[in-house]
Amino acid sequence: QVQLVESGGGSVQAGGSLRLACAVYGDIKGRLCMGWFRQYPGNVREGVARIDTGSGRLDYTHSVTGRFTISRDNNNNTLFLQMNSLKPEDTAMYYCAATPNPYGAWCSSERTLYNYWGQGTQVTVSS
């Protein structure tokens, strides 16, 4: 049983910062793709940032490049998303996700490729 638990969401004013955390529990080992996704009401989840735990490669969607940073604490098996210079358009439900990547494939932003998901945490940015 694998469980992902997000925390750190909240409400901030535009220009502010938030740090999301995703604790990973259970039997999930080896090389992984791990990522953060967000979902606007009525829309599908879209990829925000991903990390390949084997190579350390980081990928970001264009709209957050330079503002958001994905990182991982290997000791505690926790994934983070540092979000700076937040904008109202960043308002969404944020989810962390993980999936095995044993062959070192590029970590896609396609949500259907991820096996494990957290329950989500709301981020609200006011203007």
Side-chain angles (χ1 to χ4, degrees):
Q1 184 80 7
V2 176
Q3 190 176 13
L4 280 62
V5 181
E6 300 103 334
S7 60
S11 298
V12 295
Q13 290 193 323
S17 298
L18 283 173
R19 190 189 195 206
L20 305 184
C22 173
V24 181
Y25 303 98
D27 187 17
I28 181 168
K29 297 182 177 68
R31 187 171 185 170
L32 304 172
C33 290
M34 301 186 74
W36 289 96
F37 292 72
R38 64 186 177 189
Q39 187 169 15
Y40 302 108
N43 284 25
V44 298
R45 287 179 199 180
E46 61 178 35
V48 175
R50 289 100 58 206
I51 182 170
D52 180 329
T53 65
S55 67
R57 173 175 172 149
L58 310 178
D59 289 285
Y60 299 92
T61 192
H62 177 72
S63 62
V64 308
T65 299
R67 300 188 299 123
F68 291 11
T69 303
I70 187 172
S71 62
R72 181 175 180 237
D73 182 335
N74 292 335
N75 292 331
N76 295 325
N77 212 17
T78 302
L79 186 71
F80 298 98
L81 185 68
Q82 178 67 42
M83 304 186 295
N84 299 329
S85 302
L86 282 161
K87 304 176 180 179
E89 51 263 42
D90 294 318
T91 295
M93 185 72 80
Y94 284 71
Y95 299 86
C96 69
T99 201
N101 187 27
Y103 304 111
W106 174 68
C107 291
S108 170
S109 61
E110 172 53 52
R111 71 191 188 284
T112 60
L113 299 179
Y114 288 77
N115 292 348
Y116 306 106
W117 290 87
Q119 81 288 352
T121 185
Q122 178 67 37
V123 171
T124 302
V125 185
S126 58
S127 58

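Bear in mind that the values here come from a model prediction, so they are computed numbers and not experimental data. Below, all heavy atoms of this structure are taken into account, side chains as well, without hydrogens, waters or symmetry copies.
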Side-chain donor-acceptor pairs under 3.5 Å in residues 17-30, sequence neighbours left out?
unit_1	atom_1	unit_2	atom_2	d
S17	OG	N84	OD1	2.9
D27	OD1	K29	NZ	2.4

| said: I need the L86 CG to R67 CZ distance, nearest 0.5 Å. | reply: 6.5 Å
| Test item: E6 and Y94 side chains (from C-beta on) under 4.5 Å apart, heavy atoms | no
| task | Kindly say whether V5 contributes a backbone atom to a donor-acceptor pair with the side chain of Q119 at under 3.5 angstrom? | result | no
| remark: Minimal heavy-atom distance between E89 and Y40, with the atoms involved, is O-OH, 2.8 Å
| task | Report yes if some heavy atom in the side chain of S55 is under 4.5 Å from a heavy atom in the side chain of W106; otherwise report no. | result | no
| query | Are V48 and L79 co-members of a hydrophobic cluster defined by side-chain heavy atoms under 4.5 Å apart? | reply | yes
| remark: So the disulfide bond (SG atoms under 2.5 Å apart) pairs with at least one residue in residues 29-71 (sequence neighbours excluded) are C33-C107
| remark: By ring-ring contact (aromatic ring centres under 6.0 Å, His included), F37 pairs with (sequence neighbours left out) Y114, W117
| request: Measure the CG-CE distance between N77 and M34 for me, rounded to the nearest 0.5 Å. | output: 6.0 Å
| query | According to the salt bridge (charged side-chain N to carboxylate O under 4.0 Å, His left out) rule, which pairs have a member within residues 95-107, sequence neighbours left out? | reply | none
| Can you tell me how far OG1 of T53 sits from CG of L32, rounded to the nearest 0.5 angstrom? | 4.5 Å
| said: Is there a side-chain contact between V2 and L4 in this structure, where contact means two heavy atoms from C-beta onward sitting under 4.5 Å apart? | reply: yes
| task | Examine V12 and V64 and state if one hydrophobic cluster contains both, with Ile, Leu, Val, Met, Phe, Trp and Tyr joined whenever side-chain heavy atoms are less than 4.5 Å apart. | result | yes
| Counting only heavy atoms not in Q13, do more than 12 fall under 6.0 Å of its CD? | no
| query | Can you list every salt bridge (charged side-chain N to carboxylate O under 4.0 Å, His left out) pair that touches residues 30-41, not counting sequence neighbours? | reply | R31-D52, R38-E46, R38-D90
| For residues 59-90, which residue pairs qualify under ring-ring contact (aromatic ring centres under 6.0 Å, His included), counting only residues two or more places apart or in two chains? | none
| message | Are L81 and V123 linked, directly or through intermediate hydrophobic residues, by side-chain heavy-atom contacts shorter than 4.5 Å (ILVMFWY only)? | response | yes
| query | Could you give the distance from CD (Q122) to CD (Q39), rounded to the nearest 0.5 Å? | reply | 10.5 Å
| field | Flag side-chain contact, heavy atom, 4.5 Å: N115 against P100 | value | yes
| said: Once rounded to the nearest 0.5 Å, what's the spacing between atom CZ of R50 and atom CH2 of W36? | reply: 14.5 Å
| Rounded to the nearest 0.5 Å, how far does NZ of K87 lie from OG of S127? | 13.5 Å
